[in-house]
Each structure stands twice: as C-alpha cells, then as structure tokens.
Amino acid sequence: MATATGKVGNGTKTAPDLEADIKQLKADIEALAKQLATTGEHGYGAARRAASQGAEQLKTQSDAAVEALRANARDIEEQFMTTVREKPVTSLAIAAGVGFLIALLARR
C-alpha cells in the first residue's frame, strides 16, 4: 500500500515524491479493484451454486410428495373397491343417499 516517502525537513513533499505517491496510490486502487472483482465473482458463483442446490432439493422433495399422494390415492381406491365388493347392497344404499342429498342441494 502507499507509504510516505521522501519527506523534506519541514514536512512537505517534493513534486517527484508526490508523483511517486500518486503512482503507488493508483496501483493500490487498481489492485483493490481487481481483488473486489474477484471476490464478487466468487460470491456470485457461491450464490448460484447454493440456489441450484436449493432448487434441486425442492424438486426432489416435491417429487417425493407427489409420489406419496399417488400412493395414498391408490390405497384409498383399493379400500373403496374392497368395501364395495364385500358389501354391495350397503354401498348401493349409500350411493343412493348421497345422490338424493346432492339432488336436494341442487334444487335450492
């Protein structure tokens, strides 16, 4: 980084000393800008990887949830079909009752 060089007896700097300090300061600023750009690129890359991993996790979780719902729907369907086969008269009476209630509600 910039350092104070070439001080004259009363604490003021000469023109060549100031020019050297300005050149050093410009070099320091340039190096700092490069370092900030590199840090920004690393931060962007890390954020992008984290977002990608998060999206992949959400996709995996949603796929698992959909599969669980499908399995539950199949189980309910199997239970319903088993009940209808075991008790057809009761199932027919329930279906008629539900139909009657829907007709009453639809009329109003």
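In terms of the side-chain contact (heavy atoms from CB on, under 4.5 Å) criterion, residue partners of L104 (sequence neighbours excluded) are, by chain and number, F100, R107. Residues passing the side chain to side chain donor-acceptor pair (under 3.5 Å) test with K59, sequence neighbours excluded: D63. Considering only residues two or more places apart in sequence or on other chains, E67 meets the side chain to side chain donor-acceptor pair (under 3.5 Å) condition with R74. For R70, there are no side chain to side chain donor-acceptor pair (under 3.5 Å) partners two or more places apart in sequence or in a different chain.
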Using atom types as modelled, flag every donor-acceptor pair under 3.5 Å from a side chain in residues 78-90 to any protein atom, sequence neighbours excluded.
| from | atom 1 | to | atom 2 | distance (Å) |
| --- | --- | --- | --- | --- |
| T82 | OG1 | E78 | O | 2.8 |
| T83 | OG1 | Q79 | O | 2.9 |

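Counting Ile, Leu, Val, Met, Phe, Trp and Tyr side chains that sit under 4.5 Å apart, directly or through other members, I94 shares a hydrophobic cluster with V98, I102. Cluster partners of L101 are absent, since no Ile, Leu, Val, Met, Phe, Trp or Tyr has side-chain heavy atoms less than 4.5 Å from it. Through side-chain heavy atoms spaced under 4.5 Å, either directly or across other Ile, Leu, Val, Met, Phe, Trp or Tyr residues, L18 is tied to no other residue.
Distance check, rounded to the nearest 0.5 Å: CG of L58 to CD of E56 gives 9.5 Å. Taken from CG in L36 to CD1 in I29, the straight-line distance is 11.5 Å, to the nearest 0.5 Å.
One N or O on the side chain of T39 and one on the backbone of Q35 form a donor-acceptor pair closer than 3.5 Å.
K34 and E30 are joined by a salt bridge, as a carboxylate oxygen and a charged side-chain nitrogen come within less than 4.0 angstrom of each other.
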